[in-house]
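Written below as structure tokens is the structure these notes are about.
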Amino acid sequence: MAPRSLVAGNWKMNGVKSSVSELEALIQMVNDGDKADCDVLICPPATLVDRFVGVADGSLVNIGAQDCHTNTSGAHTGDIAANMVADLGAGYIIVGHSERRADHGETSDLVNNKAEAVLTENLTAIICVGETEAERKAGDTLKVVVADQLANSVPESATPENTIIAYEPVWAIGTGLTPTVDDVAEVHTAIRAALVERFGDGVGNGFAILYGGSVKPTNAKELMAADNVNGALVGGASLKATDFNGIIDAYR
Ligand code: 13P
């Protein structure tokens with residue numbers, strides 16, 4: 001089955017209680033505007049997940065979290081478990097974002113275990129992969145992204161129903177730089193081929209593969225039209241409802 005597209009917003013470490021007004025504005029645009037042929041997701045900081053789930057209840061906007069621990073409970077100060085996110089009624093958890101790989105030394109093996117924890121709770125895991133500028137310049141993009149990160153971060157129990165892949169070149173995040181559409185298509189097509197090889201034709205072709213890194217209303221339509229791109233993972237431009245809605249427009 002063809003993947004269902006998703007436009008997802010990652011708010012990162014942004015947002016306080018009053019930011020709920022942006023979510024309310026977005027819900028209005030998504031629910032009352034032209035229907036988009038994609039799912040819509042906002043992942044606020046953990047402090048806002050409960051509030052956002054309540055506000056988004058019954059709307060077309062889904063809510064998720066940005067990270068979780070591998071364990072279900074225990075002595076892990078500051079961490080949150082996937083079952084705690086599930087308990088709030090959120091449906092998705094991002095794992096392996098490059099900022100967590102860089103800031104917290106997360107390896108693909110750890111990301112694999114985190115994704116496994118997400119799937120155990122019957123939530124959807126959004127597993128992020130992406131090369132640094134140095135890796136791209138060295139010609140190592142596919143080796144890093146596909147042969148290493150994708151192969152090692154995606155657990156055996158992944159299916160198109162419970163797992164989404166997000167390709168986010170590190171050098172494109174928050175910089176205003178984006179790869180060319182051809183470059184995006186090349187990496188996404190290589191990711192698709194690896195998923196087909198590992199999971200078989202029917203299953204491998206069903207996974208949604210998001211692009212992330214400086215997606216804006218002005219470039220979304222072009223990027224979303226690239227081969228094997230099934231949506232976007234958006235940072236900065238997801239913080240304002242009008243900008244994010246302008247990206248969702250790529251699916252209207
Ligand atoms: P920007 O859209 O701000 O470049 O961030 C992308 C990202 O990291 C989403 O997870």
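Remember, it's 1-based here, ligands and their atoms both numbered in the order they're listed. Residue numbers run from 1 in the order of the sequence given. Note that the coordinates shown come from a computational prediction; the quantities given were computed from them, not determined experimentally.
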Tell me, which protein residue and heavy-atom name are nearest [atom], and how many Å apart are they?
| atom | result |
| --- | --- |
| atom 2 (O) of ligand 1 | Gly235 N, 2.8 Å |
| atom 7 (C) of ligand 1 | Glu168 OE2, 3.1 Å |
| atom 5 (O) of ligand 1 | Lys12 NZ, 3.2 Å |

Would one find an N or O of [X], backbone or side chain, under 3.5 Å from an N or O of ligand 1?
| X | answer |
| --- | --- |
| Glu99 | no |
| Ala237 | no |
| Thr175 | no |

Strictly distance-based, threshold 3.5 Å: is any side-chain N or O of [X] a donor or acceptor partner for the main-chain N or O of [Y]?
| X | Y | result |
| --- | --- | --- |
| Arg192 | Gly204 | yes |
| Ser214 | Gly176 | yes |
| Ser153 | Leu150 | no |
| Asn205 | Asp201 | yes |

Need the ligand 1 atom indices (1-based, order shown) with element for anything under 4.0 Å from a heavy-atom of [X].
| X | value |
| --- | --- |
| Ala172 | 4 (O) |
| Gly236 | 1 (P), 2 (O), 3 (O) |
| Gly213 | 4 (O), 6 (C) |
| Gly174 | 1 (P), 3 (O), 4 (O) |
| Ser214 | 1 (P), 2 (O), 4 (O) |
| Leu233 | 9 (C), 10 (O) |

Is the closest basic N to carboxylate O distance between [X] and [Y] below 4.0 Å?
| X | Y | value |
| --- | --- | --- |
| Arg101 | Glu106 | no |
| Asp67 | Lys114 | yes |
| Glu156 | Arg198 | yes |

| request: Report yes or no: do Leu26 and Leu233 belong to one cluster of Ile/Leu/Val/Met/Phe/Trp/Tyr joined by side chain heavy-atom distances under 4.5 Å? | output: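 Looking at the clustering, Leu233 is in a separate group from Leu26.
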Between ligand 1 and [X], can you find any atom pair, the residue atom being a heavy atom, that is separated by under 4.0 Å?
| X | value |
| --- | --- |
| Lys216 | no |
| Ser238 | no |
| Gly212 | no |

| field | Ring center gap for Trp11 and Phe244 short of 6.0 angstrom | value |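 Ring-ring flag for Trp11/Phe244: false, centres at least 6.0 Å apart.
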| request: Measure Ile173 to ligand 1 on non-hydrogen atoms and call it side chain, backbone, both or neither using the 4.0 Å cut-off. | output: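 The answer is both, backbone and side chain.
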| request: Hey, can you tell me if Tyr167 and His188 have their rings parallel, tilted or perpendicular (30° and 60° cut-offs)? | output: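 The rings of Tyr167 and His188 stand perpendicular, inter-plane angle above 60°.
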